[in-house]
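What follows is a set of notes on a single structure, which appears directly below.
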2 protein chains.
Amino acid sequence: MRYTKDHKLRTRRRIVEQSARGLRTHGAQGVGLADLMRMAGLTHGGFYCHFESRDELVAEAVIYGMDQTVKSWLDRFSQIPPERRCEAIIDDYLTAKHRDNPGKGCVLPALAADIARGGLDVRRAFATGLEQMIDVIAIASPSRAGSSQRETAIAILAMLMGIVSLARACADRELSDEILASGRDAMRRHFVQAH
Amino acid sequence: MRYTKDHKLRTRRRIVEQSARGLRTHGAQGVGLADLMRMAGLTHGGFYCHFESRDELVAEAVIYGMDQTVKSWLDRFSQIPPERRCEAIIDDYLTAKHRDNPGKGCVLPALAADIARGGLDVRRAFATGLEQMIDVIAIASPSRAGSSQRETAIAILAMLMGIVSLARACADRELSDEILASGRDAMRRHFVQAH
DNA sequence: TGTACATCAGTGAACGCGCGTTCACTGATGTAC
DNA sequence: TGTACATCAGTGAACGCGCGTTCACTGATGTAC
């Protein structure tokens, strides 16, 4: 065996990282392998040293992207008292910065529709990642009579991704900003416990 | 001029109708012109008698699809007393039937992400359609202190599309059903005024 | 420690395919007489 | 009313291009001696 095992693993990781970014930016079908490999500093020919197919890469990129988001949320939680966490997630997620940088942002608004049309492997990867996201958000969700934290977490995730999706699709900048602002207000009203 | 003017217009309309369906099913980049024309009972060569480019068709299909949804909502409203309208929209939208038939369903969960990456024309078409959807939902939205009906309408739309998007992307049928059910419960709780 | 060899991550040309678009042609039907 | 012509919606072959995938090759580095 030549090159250390570590070397190959790190290269593979770089491909997944950069592909996660490229796929979120351009969509699951909107960018080619040659471009994704170039983003990782490689040429397209080497792709099949690391993956069996394009679909395998997409599935890995989805997992990677969702893990990234989960980790960033957990990081954020560690800096913030429990009762402020939900508010913090909402405020971080519903920003112009997030709207304008899908490549660095959450997988849900960027790729959910593509994943819905994808193969079983991608959709399985998504379901696993989503369970994790639900679990993390549930920690921060307000407890109320008549609904579990898990139920609330699902509602929060859906609303977060819906708001960013709509804001991104509008050509009209004013409307897009309004969607972000209205969405943020509504979410604060519904999901942040007064204190 | 041969064939009546009406004939050409009806053919064009048929292409837009069927393309709206095909594009929602397979994504804005997931289906070719030849297939879309075949859905309308034509061959691909005739396409440029009706449209300047593929992008023009996509923009028209987006408008058509959003109009369809708006009209179906207005139809529904006419059968139902005002205080039940919001609940009816929620219950109609968040069904397994809607989740499992993107081709017949709402443009938002099917195409919003693709539109966000599309050209200015498609995004303009989307913004126009979205304004209409907001206006219609606003009619049915509960009025509350501290938030306009328009603001509430935006929140409702985002949450509806988010829930269906997440439910569609999960390979795990159980999780998908749970998302629909939790989403429906949460929306009823937040947006349906008790009476 | 130094040298010859083996390994395999990565390169770049080539492939077959489907795509959006173009174009010469067809043939059904409206119009002019 | 009947006939010859003009129109143009629609056909299907052809185009150039980019894609995912394959493959013969390279050359940097680990290993054996």
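Throughout, a chain's letter reflects where its sequence line sits, starting with A, and its residues are numbered from 1. Remember, it's a predicted structure, so these values are computed and weren't measured experimentally.
- Across every strand in view, dC33(C) sits in a pair with dG2(D) that passes the Watson-Crick or G-U test at under 3.5 angstrom.
- Figure legend. dG10(C) is base-paired to dC25(D); pairs are counted as Watson-Crick or G-U wobble with both atom distances under 3.5 Å.
- Distance check, rounded to the nearest 0.5 Å: NZ of Lys104(B) to NE2 of His98(B) gives 11.5 Å.
- When the P atom of dT21(C) is taken as reference, atom CD of Glu56(B) falls 11 Å away, rounded to whole Å.
- Within residues 14-38 of chain A, no residue has a heavy atom under 4.0 Å from DNA chain C.
- Distance check: Arg85(A) CZ to Gln79(A) CD gives 10.5 Å after rounding to the nearest 0.5 Å.
- Between Thr11(A) and dG10(C) there is a side-chain N or O to OP1 or OP2 distance below 4.0 Å.
- Note: Leu36(B) CG to Phe51(B) CZ = 10.0 Å, rounded to the nearest 0.5 Å.
- Each of Ile89(B), Ile156(B), Ile154(B), Ile134(B) was compared with Ser141(B) under the side chain to side chain contact (heavy atoms under 4.5 Å, CB included) criterion, and only Ile156(B) meets it.
- No side-chain donor-acceptor contact under 3.5 Å links Arg24(B) to the backbone of Leu111(B).
- The CZ atom of Arg54(A) sits 10 Å away from the P atom of dC19(D) (whole-angstrom rounding).
- For the pair Phe47(A) CZ and dG20(D) C1', the interatomic distance rounds to 9 Å; values are reported in whole Å.
- Atom CG of Asp6(A) and atom C1' of dC8(C) are 16 Å apart (whole Å).
- A straight line from CG of Leu42(B) to P of dG10(D) spans 6 Å, rounded to a whole angstrom.
- His44(B) comes within 4.0 angstrom of a nucleotide base, judged by non-hydrogen atoms across all strands.
- Across the protein-nucleic acid pair, Asp55(B) atom CG and dG20(C) atom C1' stand 10 Å apart, rounded to whole Å.
- Listed candidates were dT22(D), dG10(D), dT21(C). Nearest to the side chain of Tyr48(A) is dT22(D).
- Within a 6.0 Å radius of CD in Glu174(A), other residues, nucleotides and ligands contribute 12 heavy atoms or fewer.
- Here dG10(D) presents its P atom at 11 Å from CZ of Phe51(B), a figure rounded to the nearest Å.
- One finds the CG atom of Leu130(A) at 5.5 Å from the CG atom of Leu166(B) (value rounded to the nearest 0.5 Å).
- Both distances falling under 3.5 Å, in either a Watson-Crick or a G-U wobble arrangement, place dC15(D) opposite dG20(C).
- Distance, Leu9(A) CG to dA9(C) P: 10 Å, rounded to whole Å.
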